[in-house]
Number of protein chains: 2
Amino acid sequence: MPYVMVQIPNPSASESPLPRSVPTSADVARLAGVSRATVSYVLNNTDAVRISEPTRRRVREAARELGYVPHAAARSLRAGYSRMVLTPAPSFAAGPLYTRFLSELQWALGRLDYTVVQYGSVGLRGDEAARAWAELRPVAVLAPGSDLGPQGVEVLKRSGARAVVTLGPEAVEGAHALLADQERVGRSAVRHLYDRGRRRIGVVVPAEEGLDAFSAPRLAGARRAVHGTDAAVTELPLAYEERDAARLAARWASLGLDAVFTYNDEYAMLLMRALQDEGLAIPGDAAVIGADDLMLGRLLRPRLSTVHLELPSGRDLAALVDRAVHDPGAAPERHKVLGAAVVHRESS
Amino acid sequence: MPYVMVQIPNPSASESPLPRSVPTSADVARLAGVSRATVSYVLNNTDAVRISEPTRRRVREAARELGYVPHAAARSLRAGYSRMVLTPAPSFAAGPLYTRFLSELQWALGRLDYTVVQYGSVGLRGDEAARAWAELRPVAVLAPGSDLGPQGVEVLKRSGARAVVTLGPEAVEGAHALLADQERVGRSAVRHLYDRGRRRIGVVVPAEEGLDAFSAPRLAGARRAVHGTDAAVTELPLAYEERDAARLAARWASLGLDAVFTYNDEYAMLLMRALQDEGLAIPGDAAVIGADDLMLGRLLRPRLSTVHLELPSGRDLAALVDRAVHDPGAAPERHKVLGAAVVHRESS
DNA sequence: TTGAAAGCGATACCAC
DNA sequence: GTGGTATCGCTTTCAA
């Protein structure tokens, strides 16, 4: 073993134990007895230049010995570009659907040699967020449309982002768009209830912060579904906790509703349980439909009807990003990505 | 409006529309008629130097006009210092518990002016991952201990990370540790079952990849709980899908078990449903206990017994990181962070 | 109050 | 084959 780190006992705790500075390629060069250029050639396997095998070995050895790790910032500064794809870290409210999507995307982009970075932009809104992201000079940005206006897109592009892709209900000027039509989710759900003969339909709207971007359009879609018919939609605020659900269930009879679209499957489980505990029959007294088509819906009794959402495959999206990076001048693509198909089970 | 971007129709799609290069502080300086130093002073509100108000205004105006965004890499290269806290992006298997924890942490570190970045390290293992992270020169790294060995920690520290915090069952040499004792989860669960008089205890082990780091110690803990007693533990592989659960439920009688610890609440719901569909009574024929104390457990009937896990608060952990960054020489801290308390409900 | 210039770490062109 | 060296964008000391 060429190098052994010695643990120095350190009584005065405020002193760093080994303030050895971070090794640079110059250090590697010095140790190997070559120039920094050679180090760079060797470590990057540059094939335009031929380096003798003994030299290569010496350089690699020196790098290993010093624990040399190249400095990404310096490299991308020099190179003028990076392969970082930036996406905002999801808020805590993100469901398993989005988590899974993100992880698939990461995998797919990784295969194309991009590095996905989730930026923890807490409390940054709109252009402020865009500027913060732009500082990292990502080659591409993927963000919910609600986080990014046209000016945000412009900021990102002007600072070198070759592809900006938004995910949301509507396209943002200048960016590629994955159109996730949340309204359609509500429309499909409520139309289904209407088709099953229900006329007084409740729509759960989560009380939790940060879900408005989804719940508002879902509610709007629900309203649209019954517009001009003899049916009516009632908004039902609901916090994700047993007590609030019990409260709502207790009021159920007085509300005079015969069906409910619960925003998603998790709220469906919550409310369904409360209704059943209240002695109400499902779907007899209340038809219930959720959304997201999570596993748990299949496990409920009666089995939960739901709206199945199809997010874009990670591979397709990765391909879109790659295409856009290679040809930043191309016209923005628009893709409908949210197949909203009602899955009729037993609760409706 | 001082600057209007003109959208140029672009028939030959392979040509970039406006290959305007990214504005630098030099561009801002030029436009404002000052030096780059002055630009830096103004935009960073450097108080060691006094700049006249008119100049400030001109500089800011120019920056706005050009859409100037500072280059983080260049800045931190020069400064030799960044405020980036890096953490690997969770694998898709991460549950709501961890997601919530991460988002809390992000918020708390944000308040301390750190930027949290989740690195999408797909398929990178061990030291390879550590090197990839080290390239970004984060000031601190928070990672599951399973992703990071002692050498990984060494690599990170040597490349300037002032704090490395691992989260996992055991401490890693050189790093601060949040000790999440997964074994204890299994031990508590199975001891509970034992105390309730059960002797032939099944332990579900998820078939899904990437959960071994949690499931293996939980199983080990389960084994330990009954070691030296008259009870026996049987390992039950289970995929997270209805069919596999049904298969297991059908075999149930032949297994001769009277209780099961299901790894977590979600697998509990899956298996409980299958057992009930098979006509088995819970807890009569089979006592069930999960883990994680998710909302869904409270919604099941019978209500699910579970092991409540207490992850460290985001604020506490942020404070630890901040402390470690300020005093990298201090001895590694060890914190037990996983309160594992049995919550006895109706299923056991 | 402002400007010139050094230098952070890595890369790639051009000489030797 | 290998070594100087200019350069990426930014900060900061020192002079003016």
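Throughout, protein chains are lettered first and strands after them, A, B, ... in sequence-line order, and every chain is numbered starting at 1. The analysis underlying the following values was restricted to heavy atoms, covering all of them including side chains, and did not include hydrogens, waters or symmetry mates.
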Does [X] have more than 12 heavy atoms from other residues, nucleotides or ligands lying within 6.0 Å of its [atom1]?
X: Arg57(B); atom1: CZ; result: no
X: Arg111(B); atom1: CZ; result: no
X: Glu170(A); atom1: CD; result: no
X: Arg56(B); atom1: CZ; result: yes

Report the distance from atom [atom1] of [X] to atom [atom2] of [N], rounded to the nearest whole Å.
X: Glu135(B); N: dC8(C); atom1: CD; atom2: C1'; value: 17 Å
X: Leu43(B); N: dT2(C); atom1: CG; atom2: P; value: 14 Å
X: Arg57(A); N: dT2(D); atom1: CZ; atom2: P; value: 13 Å
X: Glu53(B); N: dT1(C); atom1: CD; atom2: P; value: 11 Å
X: Leu136(B); N: dG9(C); atom1: CG; atom2: P; value: 16 Å
X: Leu77(A); N: dA12(C); atom1: CG; atom2: C1'; value: 14 Å
X: Arg36(B); N: dT13(D); atom1: CZ; atom2: P; value: 16 Å
X: Arg50(B); N: dT2(C); atom1: CZ; atom2: P; value: 12 Å

query = How do Ala74(B) and Arg58(B) order along DNA chain C: which one's closest nucleotide is nearer the 5' end?
reply =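 In this pair, the answer is Arg58(B).
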query = Of Ala37(B) and Arg137(B), whose nearest nucleotide on DNA chain C comes first from the 5' end?
reply =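 It is Ala37(B), whose closest nucleotide lies nearer the 5' terminus.
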Check the phosphate of [N] against [X], side-chain N and O only, distance under 4.0 Å to OP1 or OP2. Yes or no?
X: Ser52(A); N: dT2(D); value: yes
X: Thr38(B); N: dT2(C); value: no
X: Tyr68(A); N: dA10(C); value: yes
X: Asn44(A); N: dA10(C); value: no

query = Would you say the base of dT7(D) and the side-chain of Arg78(A) have a donor-acceptor pair closer than 3.5 Å?
reply =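 Check passes, donor-acceptor contact within cut-off.
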query = For the base of dC10(D), is there a side-chain donor-acceptor partner from Tyr81(B) under 3.5 Å away?
reply =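 Flag unset: no donor-acceptor pair detected.
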request  = Evaluate the criterion side chain to side chain donor-acceptor pair (under 3.5 Å) for residue pair Arg83(A) and Tyr81(A); output intermediate values, then yes/no.
outcome  = CA-CA 7 Å; Arg83(A) 289 190 72 80; Tyr81(A) 69 88; over 6 Å; no
Sugar-phosphate, base or nothing in reach of [X], heavy atoms under 4.0 Å:
X: Thr24(B); answer: sugar-phosphate
X: Thr55(A); answer: sugar-phosphate
X: Val39(A); answer: nothing

Identified side-chain contact (heavy atoms from CB on, under 4.5 Å) counterpart of Arg323(B) within the set Leu320(B), Val325(B), Asp327(B), Val321(B) =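 Option passing the side-chain contact (heavy atoms from CB on, under 4.5 Å) with Arg323(B): Leu320(B).
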Looking only at the side chain of [X] (C-beta and beyond, no hydrogens), which of the listed nucleotides [options] gets closest?
X: Tyr41(B); options: dT11(D), dT13(D), dT2(C); answer: dT13(D)
X: Arg75(A); options: dT2(C), dT2(D), dT11(C); answer: dT11(C)
X: His71(A); options: dA10(C), dC10(D), dG3(C); answer: dA10(C)

